[in-house]
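Reading through the structure tokens given below for one structure.
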Amino acid sequence: MPSGIVRHWHNERGFGFITPDDGSSDVFVHMKALQNDHDYLTIGEKVEYEVQFNSRDNKMEAISCTGGFYGGPFASNGGAKKGSYGKANQALMNLVNRFAPYSAAGSSGGSNASGGAEVCKNFKNW
């Protein structure tokens with residue numbers, strides 16, 4: 001099975017492009033080709049995929065692809081350019097906020113369970 005690196009991923013539209021390791025032209029990949037109910041790929045992620053020729057577009061496309069993750073329920077904003085950026089970006093932001101030291105400060109109801117409030121308190125005293 002050929003392998004490559006995810007070059008680009010459009011969160012809102014659920015597709016992207018893989019740069020093959022063999023140096024051939026980029027391969028289109030849609031989220032429906034991802035396995036295990038995954039619907040999001042990360043730029044720079046190493047993946048393996050199966051390709052077939054798409055006669056409508058006259059290009060190669062992935063029909064199955066390893067890697068990625070499940071980004072949660074889709075939250076569409078009707079194609080608008082502002083507001084929600086789709087489920088993949090929401091999942092990524094949830095992950096970032098979980099591990100960001102300042103994100104929990106004040107949002108945990110006074111609890112220091114995540115350590116965010118202590119970091120801010122120490123910063124103020126410094």
Side-chain angles (χ1 to χ4, degrees):
M1 194 180 315
S3 62
I5 303 291
V6 178
R7 178 181 61 87
H8 193 75
W9 184 258
H10 296 277
N11 296 336
E12 302 84 17
R13 299 181 69 191
F15 73 87
F17 298 93
I18 300 169
T19 300
D21 289 339
D22 65 6
S24 59
S25 61
D26 286 352
V27 175
F28 173 83
V29 61
H30 189 270
M31 68 183 205
K32 68 182 179 182
L34 302 179
Q35 301 171 353
N36 302 323
D37 292 328
H38 293 174
D39 53 13
Y40 179 80
L41 290 173
T42 306
I43 295 173
E45 180 177 358
K46 179 86 167 165
V47 295
E48 291 184 348
Y49 55 93
E50 292 181 58
V51 295
Q52 76 177 22
F53 184 75
N54 181 334
S55 58
R56 185 186 74 185
D57 297 330
N58 291 322
K59 294 183 180 180
M60 298 300 284
E61 70 177 350
I63 57 172
S64 72
C65 183
T66 63
F69 68 92
Y70 176 67
F74 187 72
S76 175
N77 64 347
K81 296 291 183 189
K82 296 181 181 177
S84 174
Y85 294 101
K87 67 179 175 178
N89 200 24
Q90 289 172 355
L92 182 59
M93 290 309 298
N94 288 340
L95 183 65
V96 168
N97 287 337
R98 177 181 289 163
F99 296 104
Y102 298 105
S103 65
S107 66
S108 61
S111 170
N112 292 337
S114 66
E118 281 299 314
V119 171
C120 290
K121 180 179 146 189
N122 289 340
F123 182 74
K124 288 178 184 177
N125 291 335
W126 200 48

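What you see is a predicted model; the values in this text were computed from it and never measured.
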Using every non-hydrogen atom in the two residues, find where [X] and [Y] come nearest and quote the distance to one decimal.
X	Y	value
Gly67	His38	O-ND1, 3.0 Å
Arg7	Ile43	O-CG2, 3.6 Å
His30	Arg13	NE2-O, 4.3 Å
Leu41	Val47	CD2-CG1, 4.1 Å

Considering only heavy atoms from C-beta outward, does the side chain of [X] approach that of [Y] to under 4.5 Å?
X	Y	value
Asp21	Ile5	yes
Tyr49	Glu61	no
Val27	Pro20	yes
Asn11	Tyr40	yes

Tell me whether Val29 is reachable from Phe53 by hopping between hydrophobic residues (I, L, V, M, F, W, Y) whose side-chain heavy atoms are closer than 4.5 Å.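 Yes, same cluster.
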
Counting distance only, does the side-chain N/O of Gln35 pair as donor-acceptor with the main-chain N or O of Ser64 below 3.5 Å?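 Flag not set: sc Gln35 to bb Ser64 has no pair under 3.5 Å.
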
Between Phe17 and His8, is the gap from one ring center to the other below 6.0 Å?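 Phe17 vs His8: aromatic centres not under 6.0 Å.
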
Counting heavy atoms not belonging to Lys32, are there more than 12 under 6.0 Å from its NZ?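 No, because the 6.0 Å sphere around NZ of Lys32 holds 12 heavy atoms or fewer from other groups.
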
